[in-house]
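Just below is one structure, and these are the notes that go with it.
Here, residue 1 is the first one in the sequence, and each next residue gets the next number. Atoms within each ligand, like the ligands themselves, are counted from 1 in listed order.
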Amino acid sequence: MTERPEGPPRPYLNFVPDYVKDSIGKWVTHKMQEGGIIEHIDSRGKKVYTVKAASTPNGRYSTITMRQITALARKYAGATMRFTQGLNMEFIVGSLEKAKALKQELKELGFPVGGWKEHLWSLTSCAGYFHCALAATDAPSVIQNIANSLSRYFDEEELPAKLTIAGSGCPSSCGGSFLTDISINGIHTEIPVITENVKNCDLQGTAFTCPVGAIQLKTLPDGGKTIEIRESLCIGCGLCVGACGGIIFQTPEKTDGHAISIGGKASASRYGTTLGRIVVPFIPNEPPHYEKTIRVVETIVETWKKDAKKGERIADWVDRIGWEKFFEKSGLPFYPQSMDYLDIRGITTLRDGSGR
Ligand code: SF4
Ligand code: SF4
């Protein structure tokens, strides 16, 4: 048996700047110095600084940009850095003077520096079409367009509270989007169809991929086996399409798009973790700039900014004012089914006409 390599970051101390090592386990406090710079203080009064900059929504870079970023890590941060779960860049720097200089260089490279306190913290997405057969929308492009529109909230303008935004190419939500304040979720609005190529698939395995039990095994008159989709149950997630080449969406270019949900958060604050709920059931894909989607997201952010109390994340704000008031204040159209079907499985009902 081949020995498994001991991959990074083990031992993790090899990946921490020397000037941080003797403070490990001794941290006592931290405070914001200025936008995008946090000061950490250990029990002996020693200080180091974390500088945080926005990244691309799906962490995709050219090698040229990666070299520019690593050159900054070498110059200012002991040749180390990390990408956070929200795909932001973080550098730990030994002095405030260096932190400010790094901030300036990151801004000159085009990366906003900030993203803490009452600001936009993160914009993330799954890889979408790049390597996933299930995508119904180009999640990285949608999120990049939202980033272009809202980037001032990362480093300049304040919001009532933390704001996170994420996109997932389909309802599987690998992008973790239902746990963010505003999420974009790709949806297929047509029911997939079974073609004759289904005979080449593992039928039972394909049926098991369906999260709602919409696929039934059937016996043909000649004794052969096939499967059938119960349309009334199908939520159009596309998992069976990914599992079996004999199941297809017929007109995805006309019927794919995305829903917008709000009010998700992973935090344990107030009443705890919540999943986002759908407020806009369907917007067709309109690349490259997705103007309708951007307008809806801007409307949600501006309404929340105007109406929320300081410290209220979107979930907390809606909890206080109620869903009826949310639709009234934002001016977003309300669909009669919405209150009963505000999670992604409600798309089955919403796509039947009135949600579009
Ligand atoms: S959320 Fe959907 S499209 Fe995105 S990676 Fe996951 S399965 Fe693929
Ligand atoms: S699209 Fe999803 S819900 Fe519909 S049959 Fe396929 S796996 Fe089931």
Would you mind reporting whether Ser23 and Arg44 have side-chain heavy atoms less than 4.5 Å apart?
yes
Are any of the side-chain nitrogens in Asp316 or Arg313 under 4.0 Å away from the carboxylate oxygens of its partner?
no
Numbered in order shown, the ligand 1 atoms found under 4.0 Å of a heavy atom of Ser168 are 1 (S)
Find out whether Ile300 and Ile260 are in side-chain contact, i.e. whether some heavy atom of one side chain is under 4.5 Å from a heavy atom of the other.
yes
Nearest protein heavy atom to atom 5 (S) of ligand 2, by residue and atom, and its distance?
Ile215 CG1, 3.7 Å
Quick one: are the Cys244 and Cys201 sulfurs under 2.5 Å apart?
yes
Please tell me if the side chains of Ile143 and Thr124 come closer than 4.5 Å, counting only heavy atoms from C-beta onward.
no
Looking only at protein heavy atoms, which one is nearest to atom 2 (Fe) of ligand 2, and what is the separation?
Cys237 SG, 2.3 Å
Tell me the protein heavy atom at minimum distance from atom 6 (Fe) of ligand 2, and give that distance in Å.
Cys240 SG, 2.3 Å
Which atoms of ligand 1 have any heavy atom of Ala135 under 4.0 Å away?
3 (S)
Side chain to side chain, Asp22 and Lys46, heavy atoms closer than 4.5 Å:
yes
Could you walk me through whether Leu163 and Trp304 pass the side chain to side chain contact (heavy atoms under 4.5 Å, CB included) check?
CA-CA 11 Å; Leu163 174 66; Trp304 168 60; 4.1 Å; yes
Of all protein heavy atoms, the one nearest atom 3 (S) of ligand 2 is Ile235 N, 3.4 Å
Are Lys325 and Asp307 within salt-bridge range, i.e. N to O under 4.0 Å?
no
If you scan protein heavy atoms around atom 4 (Fe) of ligand 2, the nearest is Cys234 SG, 2.3 Å
Side chain or backbone of Val212 under 4.0 Å from ligand 2, or both, or neither, by non-hydrogen atoms?
side chain
Quick test: of every protein heavy atom, which one is nearest to atom 1 (S) of ligand 2, and how far off is it to 0.1 Å?
Gly238 N, 3.2 Å
Minimum-distance protein heavy atom relative to atom 8 (Fe) of ligand 2:
Cys210 SG, 2.4 Å
I need the atoms of ligand 1 closer than 4.0 Å to a non-hydrogen atom of Cys132, numbered in the order shown.
3 (S), 5 (S), 7 (S), 8 (Fe)
What part of Ser173, side chain from CB on, backbone N/CA/C/O, both or neither, has a heavy atom under 4.0 Å from ligand 1?
backbone
Short version for Cys126: what comes under 4.0 Å of ligand 1, heavy atoms counted, is side chain
Close side-chain approach of Ile92 to His40, heavy-atom, < 4.5 Å:
no
